[in-house]
Amino acid sequence: MLGYALRRIAGIFPVLLILLTVSFFVIRLAPGGPFAAARALSGRTRAQLRQRYGLDRPLAVQYAAYLRALAHGDLGRSYSLRDEPVAGLIGAGLPVSAELGAAALALGALGGIALGMAAVLRRGGVIDRALSPLAAVTLALPSFVTGPLLALIVGVWLRWLPVAGWQPDTPRDLVLPAITLALPLIASIARLTRASLLEVLNASYIRTARARGLGRARVLWRHALRPALVPVVSYLGPAATYLVTGSLVVESVFELPGTGRYLVMGAIDRDYTLVMGMVLVYGTLTLLANLGADLLHAWLDPRVRHESP
Amino acid sequence: MNPREPRTRARLAALVLGALVVLALLGPAASPYSYRALDWRHLAVPPGFIAHHWLGTDALGRDLYVRTLSGLRLSLLIGVLATGVSVLIGVAWGAGAGWAGGRVDAGMMRVVDVLYALPYLFIVLILAALFGRGNIAVLLVAIGAVGWLTLARVVRAQTLSLKRQPFMEAARAAGLSDLQMLRRHVLPNLAGTVVVYATLMVPQMIVYESFLSFLGLGVEPPRASLGSLINAGARQMLSAPWLLLVPAVVLIVLLLAFNVLGDALRDVLDPHQR
Amino acid sequence: MSSIPTSAEPMRAQEEAPALLALHSLSVCFAGVPVVDAVSLTVRAGECLGVVGESGAGKSLTFLAALGLAPSAAAVSGRARFGATELIGCSERALDALRGRHIGVVFQDPMGALTPHLRIGAQLTEPILRHTGCSRRAARTRALELLEQVRLAAPARCLQQYPHELSGGMRQRVLLALALSCDPQLLILDEPTTALDVTIQAQILALLAHIKRERRLGLVLVTHDFAALAGLADRVAVMRAGRVIETGSAGQVFHTPREPYTVELLQAAREPAGPGGAPGARGAGAPVLAVEDLTVRYRQRGARLRRGEIVALQAVTVAIAPGESLAVVGESGCGKSTLTRAALRLTGAAHGRIAWLGREVGSWPERRLRALRRNLQLIFQDPLSSLDPRLSVERLVAEPLEVHHGELDAQARAARVAAMLERVGLDPALAARRPHELSGGQCQRVGIARAMILAPRLLVCDEPLSALDVRAQRQIGALLDALRREQGMSVLLVSHDLGAVRRGCERVLVLYQGAMAELAPSEALFARPLHPYTRALLAAVPVADPDVQPGRLAQVRLTDSEPAPAGGCAFRTRCPQATARCTEQRPPWVEAGAGRWVACHHFERGADGML
């Protein structure tokens, strides 16, 4: 198990390097450049600025300098946001985004698994019958639709929860955004759990376990749940990708001071260092999430560990 | 007419979709307004019968009925075309990898794995922000170019499992060439899966497009897509909630119809997988 | 627990022993359709009841329903008494107290019957802890004891392993240990030997006989194979379409069956159907198929990177003359299917010489092979999956013609297809059907029609009957037989069962772990097998005679054997004659008489006048 984990962790670095390299050159290939769109800057000022950020050097040299700085933990300074260090910007925004993502993930996984199990335990009950149509509706709702709608209904019309803004230490501010982000997760995970648990309960080893007189609860917890969670865990990778992009929308809808806004902003302003910083952060996050999902999968299913990745 | 019966659900969803398509194509012509016409005498009118603004107007006096339907038309167009791009790449890549097998397969799928683990919508976002603000063609390619990953995986898995089927060996033993086997046995057996996934992919593509438009990276005003309308509506939801509700409801119905159709088709084609 | 009967005193006659399990007019319906129809059966302590019938006869479901394990869609009615407890309508909790404690069950499909993510030790101690309330440590000791009782080769290691690390035979032993873990009074075995190799099958049956003798528990043995019952059952019940059609003592049912259906099943068990009959006219000329030094290696996919290769086939040399029939026999994984695939150039990884119709084709590109392929046709074990599910019967049979006889117009092609369908005994009304709308036997007829429409010189039959029920086996066997005689073609028959190739095949090649063990004319091989593996195979074939079979089972070694490490003779760990030489040297392939070849250091020479 440990060997497997180490192999998989080592596998992240090349992917990350490829991602950074491609992004590095692609953003520089795009028409326009930093300060090109900027207000009335004189040619000289612009040249000075370019020199200051090392943009006048050949691309290969810039690339080498970038990697060298990165190795020392230096993400560079933003061109567009008053020369702020990118690491500082991320450091300020990431806790907000991370809190939002973690809350949504927890809500999605726990809520989804609980709903899926409830549907299976009471076959034909209310939850079982309502799950499929409700999930279909929820999955048809992108977060940029649910966000404003929830804000309108719960925040404006019912006045239950604050609609926008972010004060530290007020978890109420997090409720609506987290629910908005978690809704599709809950729906997919509930559906997955239900389908996979139903399938596992039909497996021949479940019958063997029942024939040993182990009792329903024990058969479910010890024999059925772990294999049934395999598809759910495999879904966590895509779910993390979804969370990363979804948080962008949710942060924008609820005006949260997370990191999401920097990406669009940076790309539009051709703020290379800022975009690279965002690519690094979100790339690492998604890769780690996918890795975590695979490791969980290996833990759930001993057969996976014995195969090479 | 049991709604649990997949055929019934498929028919219902197809009916709704058909109605939406007809509305998108012919609907705008029924109104005296165009999607960009500004009606200064009727700013931010709520839905009703005032001056034929059936669904009201926005702050600039543009007719919401027309704008929503032309947004629907654009969303449908982009969704279908982007799906087409995805299906072409996905089927070619997946079937190619699965059929070739061995190292070629491993290499091709490794590429998919790597791309899959990346926040792909971010890449689209960066691409759209960098190259094509408001440029629908670029948008389309960018969206289509990321959507194929899942399909490639599914098609490859299907191809591999088909290859392992004894009937493929039987075909080989009967003397069929690779091309004949692909044409007679592989592609036809893939068709069902591809249709299902394509149906489920259209709403995804529409969501991507709306998402980009929502962030201001998609179509540019005065043109409207459902995403940009929702974005604009969300900003004025306190004063004019219909600007949010109308396009949101249309988008939801559209996505729901596609999802239900796709799920129902899967159930019809593969009743075993429920 | 006063409701549980105490086990019968040893001296009492069986008839007087109290009934352990009594089913009274037990029925199971799905959506109103009865699948088990008013079944009444009793099992007494110390007695083995054999329940026999074809798949779909409702025999497994009968006992699942009695134990409350039938699928939730099943409507169960009637009575089932275990001692004084009525099982039907009993609470889940009360059933749980009986299942695993007083009633042990071993299900079909050993591969899927163990929970994949739990170690064997954890699964084995679970019912012990639950039902006996002993300490963890005691449970562990007990688990080890149980694995020793089911004669696993390395019980201590097995406790630490996951199910996927065990072979089918090992898993079946573990399942048996599980069922026995709390000393049940009744043991229900559902097709306990079906998915296993012949030799493993014999070991499990012998083990069961041993357990039955030692423990004096009530046994129910559910099987489709009369031969599997012969050494064990005291009484036999024959089921068909949900009903018990005949019951009686083993001797009575085996020797004087009343029902024609019972006779049919017995006959199938005594003379396995197979293509064969009279040997065909052996023609002259180049062999239709010849391989020399054929070796197939696959790259190992495993945890330890590049752990080397699996040799699926090791230097096999054999040729089939025109009109000849050759059988290739061995256990699963012995390379018999690999041999046919490689010889027909359907797998890439082969090395060695391959000749079709006297032409060296080993290095030909696929393009060049195609025209020759029509001469060497193949029929498959699983008839359904060997047909493209989307195509109609007519199109399936026409396809080879479209490929090889482009000169035929649609009308001529349709005429040939119709004639061929008639020849294989398929109703023309079925021509428009898809494979999944046909029975197994009908699908196999379509497969045969597809192969025969090209009038091949060689027909390779890969276990063509093993997926079919008894009646279809007989019919398809006869059809293959007739076709072979008409066409004078050669046949290569692949089988796991030596018994099935006894009649008809002129020569037999026995493979063990990818290598040739013995090649001999059929008669000579059955009369006097030279290789100890061939002998083991022959001894393992169950005989459907309750007077003979117990004696045969008594000869079988009970203990599981571990696979041999590389080098030396692969069979040495299972061989009673193995010596140090067998570990050191791989036995050479030597001629041992007229047309006889064997690879063994210790084969008995002399009787054929050689040496």
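Protein chains get the first letters and strands the later ones, always in sequence-line order, with residue 1 at the start of each.
Nearest heavy-atom pair across C:Thr115 and A:His223 is OG1-ND1, 2.6 Å. Among all heavy-atom pairs drawn from A:Pro227 and C:His117, the shortest one is CD-CE1, 3.1 Å. In terms of heavy-atom proximity, C:Ala113 sits nearest to A:Thr208 at O-OG1, 2.8 Å. Shortest non-hydrogen contact noted between A:Leu214 and C:Arg130 is O-NH1, 2.8 Å.
Contacts of C:Ala179 with chain A are absent, with no heavy-atom separation under 4.5 Å from either backbone or side chain. Residue A:Arg218 touches chain C through its side chain alone, counting heavy-atom pairs closer than 4.5 Å. Using a 4.5 Å cut-off between heavy atoms, C:Leu178 contacts chain A through its side chain alone, with no backbone atom that close. Contacts of A:Ala211 with chain C are made by both backbone and side-chain atoms, with heavy-atom separations under 4.5 Å.
Taking OH of A:Tyr205 as the start and CG of C:Leu175 as the end, the distance is 14.0 Å to the nearest 0.5 Å. To the nearest 0.5 Å, the span separating CZ on A:Arg210 from CG on C:Leu67 amounts to 10.0 Å.
Annotation for A:Glu199: atom CD does not count as buried by contact number, only 12 or fewer foreign heavy atoms lying within 6.0 Å.
A salt bridge is defined here as a Lys NZ or Arg NE, NH1 or NH2 lying under 4.0 Å from an Asp or Glu carboxylate O, and C:Glu126 with A:Arg212 meets this definition.
Interface check for chain A: of the options C:Ser72, C:Pro116, C:Pro127, the most heavy-atom pairs under 4.5 Å are formed by C:Pro116.
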